[in-house]
Amino acid sequence: MTLRKQGVLAALALGFLAARETIAGGGTVVFETTSVYHHIRVVEAGEYRSLLFDSSEQSRIALADPEAGRFEYIDYFFMPWLWNVAMTNVLMIGLGGGSAQQAYARYCPGVTVETVELDPAVLKVAEDYFGFRQSPRQRVVISDGRMFLQRSRRQYDAVLVDAYVEGRYGASIPYHLATQEFFRLVSDRLATNGVVAYNCIGVLQNDKADLVGALHRTMKSVFSQVYLFPARESWNVVLVGTRDAEAKKAHELWPNAMPAWQSGRLRLPTFFQRLGVFRVAPPASSLNSPLLADDYAPVDGLLGGMRPLAPQLRRQTAAPR
Amino acid sequence: MNGLTARLMVFTSGFIVMVLEIVGARFLGRDFGGSFFVWVSQIGVILIALAAGSYLGGAWADRAQRLRPIGVCLLVAGLFTALQPELAPPLIVSIVARHPADAPIPMVWQKLDPVLGSAVVFLLPALALATLPPYLIRWSTGSLGRLGRSSAAIVASNTLGGIAGVFVTGYVLLDVMRISSIFRLMGALIALLALCCLCADRLGPRGGRNLAPLPAAAGASTDCS
């Protein structure tokens, strides 16, 4: 092979490698691995570092401050404070980059967070690239969320579920974490004033069967009240199931959190501002959506009916509106 | 039994096996979670059943030379499948519950427990269904001269049934039917196959019992001198 040909091949190889280091829409891949569950990438773009599972953005931090830059919907995982004013322990299903866990560590210093994550590779990436640290107040168990709940006998003040993934080929949700039997299990593991908060993606105005409607109907079959927190900056909707005897309005609830706020047990700066999206009315689709059960849970069919994300936004789990 | 009937029967058996495999991953997920090991177990157990069933079916076809035994076997498998929604849960729960609560399950059991669960539910029906293709190759083949073509038609029909089973389950059945109803439907289909075998046995063979030998090849000679 001549020196010139070798040079051309080397240039092509370098070009290929360079192309691999940048992703569509900009950004530099700083870490990449394939676990048994995901193609995991850590991507830096501008002032942010993101965690991607396949083509779906799971977590984001600001490079200047790892505890900033989180998605808006993470703030709605603090809403259990409206019902449980003395929270000390929380179970979270799904780790991602650890945004919610780190936000709890920062803004709720008296709360212990136990996280169940299925993929051990995700824990390593969260620790290596997103500043997540295990400690006595931040424990991680590698397990399936439902299996963990089945085998655990602990009681939690809140259970937060963030197992939703959205990619270019559509969204997916583990069906066994969306059924009536799952929510009964969650209810059994909740303390007296325990609350469940569940993140999914959808719209509230859709009157055809969809996942938000099905989740609302299913949660309502287990919890006496289900409230909605639709994010302003994305399509995320956080459903909150509680044991209120009667549905309450935001102005009746926010005083509950004041003692925790005044005592410094709750420090999330945006907490009261986020109450602006509070919604009691069920989504339009809940009447036409099925009740999800272990025996019948067409979650993939329900997700398939959702509107496609705009191409430039498909990478994001928290797809901007 | 004519070739078309045999092909339809093995198409149906392949269809049922793959419906059970896909639905099985959902069925096991409620107790073993959404782990990768559930799919590994499900695929592995079904392949074990297919390998063992094919071998046993071939050996059995040579020995029994009747369809009645396989018909009875399929009838039992059909009943077993239809009753899975009631029979399986306590057995699967006992697999999980033998590990102490609040202590991690050892990795080896995280991998092998779904295999046990899958075997409890799916080994018998998949094994019974896998005996059918070699049996029907023997039953529907008139002469050794057509053995290649008839066995290929049976194997291809069985595989096509499996392909249909995968897509119909993934794209339609799980969206419109309860898992328990799918089990009942598959149980009924297995029982239908059993009845076909019993009827064919009563009507007599088409030629599978004593295959006509290959005609002597033109120009062949035993003279080695």
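These numbers come from a predicted model, not from an experiment.
- Here the closest non-hydrogen pair linking B/Ile179 and A/Asp294 is CD1-O, 3.4 Å.
- Atom CG of A/Asp144 sits about 7.0 Å away from atom OG of B/Ser35, to the nearest 0.5 Å.
- Most heavy-atom pairs under 4.5 Å with chain A, from the set B/Pro100, B/Pro104, B/Gly170: that is B/Pro100.
- Neither the backbone nor the side chain of B/Ile182 comes within less than 4.5 Å of any heavy atom of chain A.
- Annotation for A/Lys124: atom NZ does not count as buried by contact number, only 12 or fewer foreign heavy atoms lying within 6.0 Å.
- Between the A/Tyr37 side chain and the B/Phe36 main chain, a donor and an acceptor come within less than 3.5 Å of each other.
- At distances below 3.5 Å, not a single donor-acceptor pair connects side-chain atoms of B/Arg30 with backbone N or O atoms of A/His176.
- Of the inter-residue distances, the one linking A/Met147 atom CE with B/Asp31 atom CG reads 8.0 Å to the nearest 0.5 angstrom.
- Here the closest non-hydrogen pair linking B/Phe27 and A/Tyr175 is N-OH, 4.3 Å.
- Other residues, nucleotides and ligands contribute over 12 non-hydrogen atoms within 6.0 Å of the CZ atom of A/Arg154.
- Both the backbone and the side chain of A/Ser152 come within less than 4.5 Å of a heavy atom in chain B.
- Counting heavy-atom pairs closer than 4.5 Å to chain B, the top-ranked of the candidates A/Pro290, A/Pro298, A/Pro174 is A/Pro298.
- For a residue to count as touching a neighbouring chain, one of its non-hydrogen atoms must lie under 4.5 Å from one of that chain's; by this rule A/Arg153 touches chain B with backbone and side chain alike.
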Stepwise, does the salt bridge (Lys or Arg N to Asp or Glu O under 4.0 Å) test hold for B/Arg26 with A/Asp300?
CA-CA 12 Å; B/Arg26 279 275 171 107; A/Asp300 300 295; 2.7 Å; yes
